[in-house]
> 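Mind having a look at this structure? Questions to follow.
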Amino acid sequence: MKKIQLALAAMIAVLFASCGTYTYQESTARYVEPSRAGFITPVVADMEVQPQKISNEVEIFVKLKKREINQIMAAEIRGIESPLVLSWKKYALAQTLKKFKADDIVSPNYEIAPSRMKKDVLVVTVTGHPAVYKNYRTATQADVELMKPFIEQKSDMNLKGGLLLQRIGR
């Protein structure tokens with residue numbers, strides 16, 4: 001029993017000795033989608049795209065370590081997006097969607113640059129056309145025909161038994 005109390009006291013001492021400031025913040029956006037397959041009743045909606053292009057700057061406090069910079073550069077060389085850079089874009093997109101009360105940004109463009117005024121701050125600028133979804137309705141067979149090219153398996157689909165949706169890999 002004394003060993004357990006001693007171990008617990010040691011863990012608490014280490015915990016208090018190693019306390020530092022840690023802040024975690026996360027937002028989700030279009031990149032977080034269900035990754036399951038199943039039978040569902042397909043629903044479609046009209047996308048109302050605003051003609052006016054918007055631009056939004058989002059500041060992110062980032063103190064990059066050399067290892068993180070190397071990972072970003074290695075991903076760039078391989079032609080893929082670094083998970084860290086992707087998280088910045090997701091956060092900036094989520095903040096932009098909130099600010100403009102939009103469901104989506106059509107063809108968003110991102111610019112990531114260090115802040116000119118603040119140390120350890122990146123400015124992620126998102127530009128694009130905000131859009132909202134309206135007129136949700138059950139899909140018709142004509143809607144399903146429009147979706148077929150975007151669905152991985154080109155099986156014979158009809159609305160009687162539902163529609164098998166599978167996520168298309170990148």
> With heavy-atom distances below 4.5 Å as the criterion, would you say the side chains of Val62 and Trp88 are in contact?
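Side chain of Val62 against side chain of Trp88, heavy atoms only: contact under 4.5 Å found.
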> What heavy-atom pair brings Tyr133 and Asp104 nearest, and what distance separates the two atoms?
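Tyr133 and Asp104 have their closest heavy atoms at OH-OD2, 3.0 Å.
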> Could you tell me the separation between the NZ atom of Lys98 and the CG atom of Leu93, rounded to the nearest 0.5 Å?
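So the NZ of Lys98 and the CG of Leu93 are separated by 11.5 Å.
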> If I take atom CG from residue Asn56 and atom CG from residue Leu97, how far apart are they, to the nearest 0.5 angstrom?
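It comes to 9.5 Å.
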> If every non-hydrogen atom of Pro130 is compared with every non-hydrogen atom of Gly128, which pair is closest and at what distance?
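Scanning both residues completely, I find the closest heavy atoms to be CD-O, 3.6 Å.
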> Tell me whether Tyr91 shares a hydrophobic cluster with Leu64, the cluster being built from Ile, Leu, Val, Met, Phe, Trp, Tyr side chains joined at under 4.5 Å.
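Yes.
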> What is the minimum heavy-atom distance between Ser82 and Ile72, and which atoms define it?
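For Ser82 versus Ile72, the nearest heavy atoms are OG-CG1, 3.6 Å.
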> Drop me the distance from Leu84's CG to Lys89's NZ, to the nearest 0.5 angstrom.
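Between Leu84 CG and Lys89 NZ, I get 11.5 Å after rounding to 0.5 Å.
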> Report the distance from atom CE of Met47 to atom CG of Asp103, rounding to the nearest 0.5 Å.
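Result: 8.0 Å between the selected atoms.
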> To the nearest 0.5 Å, what is the distance between OG1 on Thr127 and CD1 on Ile105?
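Rounded to the nearest 0.5 Å, the OG1-CD1 separation comes out at 9.0 Å.
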> Does the side chain of Thr96 reach to within under 4.5 Å of the side chain of Ile54, using non-hydrogen atoms?
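Result yes, sub-4.5 Å side-chain heavy-atom pair found.
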> Please report the shortest heavy-atom distance between Ser55 and Phe100, naming the atom on each side.
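Nearest heavy atoms, Ser55 then Phe100: O-CZ, 4.1 Å.
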> Quick one: are Glu111 and Val123 in side-chain contact, heavy atoms under 4.5 Å?
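Answer no - side chains too far apart.
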> Write down the atom of His129, the atom of Gln50, and the distance for their closest heavy-atom approach.
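Reported closest heavy-atom pair: ND1-O, 3.1 Å.
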> Tell me whether Val132 is reachable from Val44 by hopping between hydrophobic residues (I, L, V, M, F, W, Y) whose side-chain heavy atoms are closer than 4.5 Å.
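Not linked; separate clusters.
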> Any non-hydrogen side-chain atom of Val124 less than 4.5 Å from a side-chain atom of Glu57?
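Contact flag for Val124/Glu57 side chains = no.
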> Identify which one of Glu68, Arg67, Lys66 satisfies the side-chain contact (heavy atoms from CB on, under 4.5 Å) criterion when paired with Asn70.
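Result for side-chain contact (heavy atoms from CB on, under 4.5 Å) with Asn70: Lys66.
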> Please evaluate residues Lys63 and Asp120 with respect to the criterion salt bridge (Lys or Arg N to Asp or Glu O under 4.0 Å), reporting the C-alpha separation (whole Å), side-chain torsions for both, the decisive distance (0.1 Å), and the verdict.
CA-CA 5 Å; Lys63 193 165 188 126; Asp120 297 329; 3.4 Å; yes
> Looking only at non-hydrogen atoms, find the nearest pair between Glu81 and Ala75 and report the distance.
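In terms of heavy atoms, the two residues are closest at C-CB, 4.2 Å.
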> Using 0.5 Å steps for rounding, measure from the CE atom of Met117 to the CD atom of Glu59.
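One gets 10.5 Å once the value is rounded to the nearest 0.5 Å.
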> Are Ile112 and Ile77 co-members of a hydrophobic cluster defined by side-chain heavy atoms under 4.5 Å apart?
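Different hydrophobic clusters.
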> When clusters are formed by joining ILVMFWY residues with side-chain heavy atoms under 4.5 Å apart, either directly or through shared neighbours, do Ile80 and Met73 land in the same one?
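No, separate clusters.
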